[in-house]
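Have a look at the structure below, then the notes.
Just so it is clear: chains get the letters A, B, ... in the order the sequence lines come, proteins before strands, and each one is counted from 1.
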Number of protein chains: 2
Amino acid sequence: MTSIDDVAREVGMSTATVSRALRGLPRVSQDTRDRVIEAARRLGYVPSPHAASLASGRTGTVAIVVPFVTRWFFAMVVDGAEQVLRAQGFDVLLYNLAGDVDTRHRVLQTHVLTKRVDAILVLGLSPTAAEVDWLTGQACPVVILGAEVPQWPSVRIDDGDVSRTAMGHLIGLGHRRIAYVGSLVDEGLDFATPRARRRAYREIVAEHGLDDDIALETDGHFTLDGGCEAGHALLDLPERPTAVFCASDEMAIGVLRASRERGVRVPEDWSVIGIDDHEMAPYFDLTTMRQPVSEQGAVAGRHILRCLGVATIEEPEHVVLRTELVVRGTTAEAARPPQPTRG
Amino acid sequence: MTSIDDVAREVGMSTATVSRALRGLPRVSQDTRDRVIEAARRLGYVPSPHAASLASGRTGTVAIVVPFVTRWFFAMVVDGAEQVLRAQGFDVLLYNLAGDVDTRHRVLQTHVLTKRVDAILVLGLSPTAAEVDWLTGQACPVVILGAEVPQWPSVRIDDGDVSRTAMGHLIGLGHRRIAYVGSLVDEGLDFATPRARRRAYREIVAEHGLDDDIALETDGHFTLDGGCEAGHALLDLPERPTAVFCASDEMAIGVLRASRERGVRVPEDWSVIGIDDHEMAPYFDLTTMRQPVSEQGAVAGRHILRCLGVATIEEPEHVVLRTELVVRGTTAEAARPPQPTRG
DNA sequence: CTGAAAGCGCTTACAG
DNA sequence: CTGAAAGCGCTTACAG
């Protein structure tokens with residue numbers, strides 16, 4: 001491996017000069033710079049990032065902590081953030097928790113990350129107060145996506161608002177018995193989103209005096225198959241709901257499948273609405289709440305750049321992106337309650 | 001930041017001893033080890049990975065080069081590989097090309113990666129001979145997924161075989177006019193898979209004397225919307241195919257949508273088959289060729305561990321995983337050619 | 001079992 | 001504009 005010393009020797013200069021020339025720093029004569037660059041190219045010299053990190057204290061690397069890379073939403077967000085970061089020359093270390101609580105603790109509670117990267121982007125998780133204190137003392141900026149912590153820049157949508165609009169759409173169509181498919185148990189990962197959406201659902205049920213039945217709240221685990229199972233469970237209910245509000249499109253698609261498997265027509269027999277506007281949503285003609293996904297990743301990436309002083313970006317510390325109701329074919333007016341057979 | 005020297009001072013030992021004690025190396029007395037570990041914990045000491053890399057020459061990091069993280073297949077593969085690697089304590093640097101050719105060159109043709117990581121995992125791309133030579137000389141192991149290069153360990157499925165089985169299924173159902181939806185232009189990324197599948201399609205068309213019409217080969221860009229457009233293009237043909245062989249499930253799902261939009265019934269009016277067994281495939285009742293996805297990532301991860309001497313794993317250098325025809329509802333016997341109106 | 005010392009390959013004030 | 005020197009925080013033979 002050719003080192004900076006080899007290049008310095010080649011051009012008869014000090015390593016300091018070579019270092020400055022190669023990094024484009026000022027106070028190097030054009031002639032020297034040219035010769036250094038040429039020699040570096042000829043020798044096939046590539047700087048060692050680890051040596052540079054050690055000497056400078058900067059790593060040029062950002063960690064992205066993601067609960068599940070395989071979920072469409074997170075993959076899109078990672079993509080959005082990664083491109084913003086890569087464009088400024090940062091590398092991305094991926095910490096995929098894959099739903100594992102131990103990994104979460106290892107990543108968020110030890111300082112491992114803070115010595116390895118310049119900044120940390122946390123997706124979907126809600127750090128505990130202890131974790132926040134811990135990390136805040138580390139001079140390693142943290143940006144959070146999908147939740148809000150006062151101390152750190154964040155980007156998210158308003159989950160309460162989203163739920164209100166979705167539920168409002170169903171209520172406006174005359175539905176009074178609306179089921180919820182979300183996530184009921186947290187499994188220690190501290191997801192912010194499912195909690196917020198479920199709370200909003202409950203509030204709205206109470207505010208509007210809708211059917212308040214604990215059996216209407218089901219767990220779809222934020223997966224396709226989980227949604228399908230939840231759908232079946234709802235169809236097994238003695239008194240079926242006339243609409244289903246799903247906290248993600250993937251679960252909504254699962255509910256659509258359950259409906260088909262049971263011969264239940266959508267939207268004639270019941271309405272289904274999701275959240276995300278997943279790339280598959282139009283393929284199922286699914287009514288949903290659209291949220292900007294890749295864009296949230298990009299905002300998070302810019303937050304990081306700003307914290308690192310790389311770019312002067314004018315953006316509020318806490319960004320809340322807009323969502324939008326997209327009405328397609330899976331929601332319709334509530335069927336009239338069955339009339340007595342003869343008047 | 002507390003350093004190894006702080007810990008050494010705390011226990012009144014040399015940094016060498018602290019280093020050995022903390023890394024679990026032999027030739028440290030149990031008592032010393034205990035005291036070192038205790039002191040490290042008390043001081044909140046975390047080793048600097050960059051300093052360790054510089055001194056040892058090992059980085060504890062593996063690069064994963066992926067064409068598109070947002071595509072289901074690649075997200076699953078990254079997940080599979082990442083978990084195997086993480087279990088052995090490796091970090092993962094994600095190089096998401098996001099379809100960008102320049103990034104591909106930067107990553108594969110400069111040595112940037114070879115000084116930064118212990119090994120490289122390349123997904124889906126087919127390195128050029130020059131890139132192979134270049135990287136092979138670097139003593140940085142490379143593992144490849146979805147293609148095969150003699151010099152490097154690899155894992156893939158047999159794309160020719162997959163295409164043969166899929167086409168054989170359609171031919172067995174009496175189809176003689178079969179369209180292909182894949183990727184016709186490469187855009188410089190050098191994808192191995194689309195090329196292999198298309199070649200196989202052509203060979204089979206020739207071998208079986210099927211309708212050989214250049215208009216039957218369409219470009220679906222390996223995306224949902226691309227598949228949908230390709231489907232429309234095929235439906236615009238004066239003489240429609242009776243079956244469509246799609247090189248991915250996502251494109252097949254696009255074709256299903258086009259069919260619905262045009263009132264074309266599947267499988268009555270034409271059959272559709274894909275490749276992958278995407279998580280959404282059962283939700284569309286899509287007939288497809290199943291391939292192990294996460295498992296390919298895991299095998300690739302194990303290849304890397306073996307190259308790095310971390311684990312003694314008995315596995316061939318070139319692993320070819322099995323695929324399987326999954327017959328669902330989108331394929332059926334070819335409709336009889338329309339009979340003259342009266343006999 | 002433990003320590004002193006060199007070295008990994010850069011960057012960064014500090015001088016000039 | 002350029003250089004000498006210290007230092008970043010570890011690991012690794014080499015001794016003992």
Side-chain angles (χ1 to χ4, degrees), chain A residues 1-37 39-40 43-61 89 91 111-118 139-140, chain B residues 1-37 39-40 43-61 89 91 111-118 139-140:
Chain A
M1 286 281 127
T2 109
S3 79
I4 197 173
D5 291 310
D6 300 319
V7 180
R9 205 171 304 122
E10 181 76 10
V11 294
M13 298 254 154
S14 71
T15 64
T17 299
V18 171
S19 173
R20 285 186 289 249
L22 255 22
R23 284 180 298 150
L25 297 189
R27 315 192 158 268
V28 177
S29 77
Q30 190 55 51
D31 175 59
T32 302
R33 194 186 300 278
D34 292 343
R35 284 173 49 223
V36 168
I37 291 175
L43 268 43
Y45 168 67
V46 174
S48 156
H50 300 292
S53 298
L54 195 55
S56 71
R58 280 169 267 107
T59 68
T61 305
D91 274 334
H111 301 241
V112 184
L113 278 187
T114 68
K115 282 210 181 176
R116 190 164 309 228
V117 300
D118 294 339
C140 175
Chain B
M1 287 281 125
T2 109
S3 77
I4 197 171
D5 291 311
D6 300 320
V7 180
R9 206 171 305 121
E10 181 75 11
V11 294
M13 298 253 153
S14 71
T15 63
T17 300
V18 171
S19 172
R20 285 186 288 248
L22 255 22
R23 285 180 297 148
L25 296 190
R27 312 193 160 270
V28 177
S29 76
Q30 191 54 51
D31 175 60
T32 301
R33 194 185 301 277
D34 291 343
R35 285 172 51 223
V36 167
I37 290 175
L43 268 40
Y45 167 67
V46 174
S48 157
H50 300 292
S53 299
L54 195 54
S56 71
R58 279 170 267 106
T59 67
T61 306
D91 275 334
H111 301 242
V112 183
L113 278 187
T114 67
K115 281 210 181 175
R116 190 163 310 227
V117 299
D118 294 338
C140 175

For Thr32(A), side chain to side chain donor-acceptor pair (under 3.5 Å) partners two or more places apart: Ser29(A)
dC10(C) phosphate, OP1 or OP2: any side-chain N/O from Lys115(B) under 4.0 angstrom? yes
Who pairs with Ser48(A) by side chain to side chain donor-acceptor pair (under 3.5 Å), at least two apart in sequence or on another chain? none
Would you write out the dot-bracket form of DNA chain D, 5' to 3', with Watson-Crick and G-U pairs under 3.5 Å, [ ] for crossing pairs, | for pairs to other strands and . for unpaired bases? |||.||||||||.|||
Going by salt bridge (Lys or Arg N to Asp or Glu O under 4.0 Å), name the residues that satisfy it together with Arg35(A), two or more places apart in sequence or in a different chain. none
Please enumerate all residues that pass salt bridge (Lys or Arg N to Asp or Glu O under 4.0 Å) together with Asp6(A), with sequence neighbours excluded. Arg9(A)
Does Ser3(A) place a side-chain N or O at less than 4.0 Å from the phosphate oxygens OP1/OP2 of dG9(C)? no
Quick one: which of dG9(C), dT2(C), dG9(D) gets closest to the side chain of Ser48(A)? dG9(C)
Kindly write out the residues that satisfy salt bridge (Lys or Arg N to Asp or Glu O under 4.0 Å) with Arg20(B), not counting sequence neighbours, or none if the list is empty. none
Side-chain N or O of Thr17(A) less than 4.0 angstrom from OP1 or OP2 on dG3(D)? yes
Side chain to side chain donor-acceptor pair (under 3.5 Å) against Ser19(A), all qualifying residues, sequence neighbours excluded: Arg23(A)
Apply side chain to side chain donor-acceptor pair (under 3.5 Å) to Arg33(B) and list each qualifying residue two or more places apart in sequence or on a separate chain. none
Output one letter per nucleotide in nucleotides 11-16 of chain D: B when a protein non-hydrogen atom lies under 4.0 Å from the base, S when only the sugar-phosphate is that close, - when neither is. BBB---
